[in-house]
Amino acid sequence: MNVLDIIEKKRDKKTLTKEEIEYFVNGYTNNQITDYQAAAFVMAVFINGMTKQETTDLTLAMAHSGEILDLSTLNATIVDKHSTGGVGDKVSIILLPIVSSLGVPVAKMSGRGLGFTGGTIDKLESIPGYKTDIGMDQFIENVKKIGISLISQTLNMAPADKKLYSLRDTISCVESIPLIASSIMSKKIASGAQKIVLDVTVGKGAFMNKIEQARELATTMIDIGKLANRQTVCILTNMDEPLGYNVGNSLEIIEAIDFLKGNMPEDVEQVILTLGSYMIKLAGKGEDLEENKKKMLENIANGKAYEKFKELVKAQGGEISFVENIENIPRAKYIEPIYSLKSGYIHQINALEVGKIACSLGAGRITKEDSIDHQAGIILQKKVADFVEEGEVLAYIHTNKMEKLEDAKKALLENIKIEEEKIEKPKTILEMIE
Ligand code: URA
């Protein structure tokens, strides 16, 4: 077998065997296949697609390219959660302490942001002291002791996905159903999850812009889950406008803490309650989804979810004083209001563009070596369907780079569309597929 034959076969729209896929994944992981050969292979998959069997074989080969975490010592059903990515997506930071406070054990590994989408690990690291690399023993110990731990993916977990994901990002090959499905499911299988709840985002700020594509991605991941014996549920959620109001690392932590104290933006609340109700069900802690939502709301109202978040931060070395006094979380040097140029109803806040603007202010990485500015970002004051008066503040830009302000202001104004006609609030939860 050799890599040229494998590239040629995919280039010519032929179906690869399990052995050929394993040969490629192992060769690339061990540096025997070069980046340029892998890039050619990935581009061929991007253009010509893969059959369900090929996608499953790719997933399993990537999952087994490193260690498979054994969580059996936790003696519990571990339900994992993952999002296909978005802008302003602080769901894991809010949701996981809530379900943990209801007795669902949480052993979660998350990623960093790349491109216009943010990552949970970068957000958590904006809490001074919070360690995302506490090591496997401490990770398991924390789950046993307080029912939750949230860390970054270890180096040796699905290393093939790590290499392939970075490569895809540099050659414009992210938005492909077999590549996204295998990337996500390989990590979930390697991280020891028995059941999986997936937030499949749809819209301008998501990798899947159309509902039909999102459905196909969801069913592909559910099918892989079946073959790998991991029950998988997908919730399709709207990502046309950013989720909630805050975009940017520490700004999202502030919004997450506020949520846990009961200040819940409607769209974030719907995503949290829907995903959470399924996590609780799959963990065997409550069959009735509506009842599960009620229990979640109860634990927000009685402070148990917020206390669990504080326990999590403390166990990972974070400074609780910042959580208890969010006004002490460092803010950017420049905070600039953007005023509306006319009165009317907000018809669109383009999530992709807002994500890119936040990135340009310092909130995200263009390449994986870039460092990020935790304080940079945007706080929206309005959501789609809200009314705004001329001269009212639409958003605040937070940045430490004065030279970026003018361009960011202009771009943000261009990407918030205001019209005279009233419009309905868009739906947040679009579909559920299992
Ligand atoms: N998230 C992932 O983990 N992988 C992808 O390919 C896209 C989103």
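Indexing begins at 1, ligand by ligand and atom by atom, following the structure's order. Predicted, not measured: the structure shown is a model, and the values here were computed from it. We number each residue from 1, following the sequence as shown.
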Original post:
Cation over ring, Lys10 on Phe41, under 6.0 Å and within 45°?
Top reply: no
Original post:
Given the rule in the side-chain hydrogen bond (donor to acceptor under 3.5 Å, both in side chains) test, do Gln37 and Thr34 qualify, once you have shown the distances and angles that lead to the verdict?
Top reply: CA-CA 5 Å; Gln37 288 167 324; Thr34 62; 3.1 Å; yes
Original post:
Using a threshold of 4.0 angstrom between heavy atoms of the protein and any atom of ligand 1, which residues qualify?
Top reply: His82, Thr84, Tyr165, Arg168, Ile180, Ser183, Ile184, Lys187, Phe207
Original post:
Between Lys314 and Glu311, is the closest basic N to carboxylate O distance under 4.0 Å?
Top reply: no
Subject >> Salt-bridge criterion met for Glu307 and Lys310 (N-O under 4.0 Å) >> reply: yes
Original post:
Quick one: do Lys18 and Glu22 make a salt bridge, cutoff under 4.0 Å?
Top reply: yes
Output a table of donor-acceptor pairs, distance under 3.5 Å, between side-chain atoms of residues 379-386 and any protein atom two or more places apart or on a different chain; print 'none' if there are none.
residue: Lys382; atom: NZ; partner: Phe387; partner atom: O; Å: 3.1
residue: Lys382; atom: NZ; partner: Glu392; partner atom: OE2; Å: 2.9
residue: Lys383; atom: NZ; partner: Pro242; partner atom: O; Å: 2.8
residue: Lys383; atom: NZ; partner: Gly244; partner atom: O; Å: 2.8
residue: Lys383; atom: NZ; partner: Asp267; partner atom: OD2; Å: 2.7
residue: Asp386; atom: OD2; partner: Lys383; partner atom: N; Å: 2.8

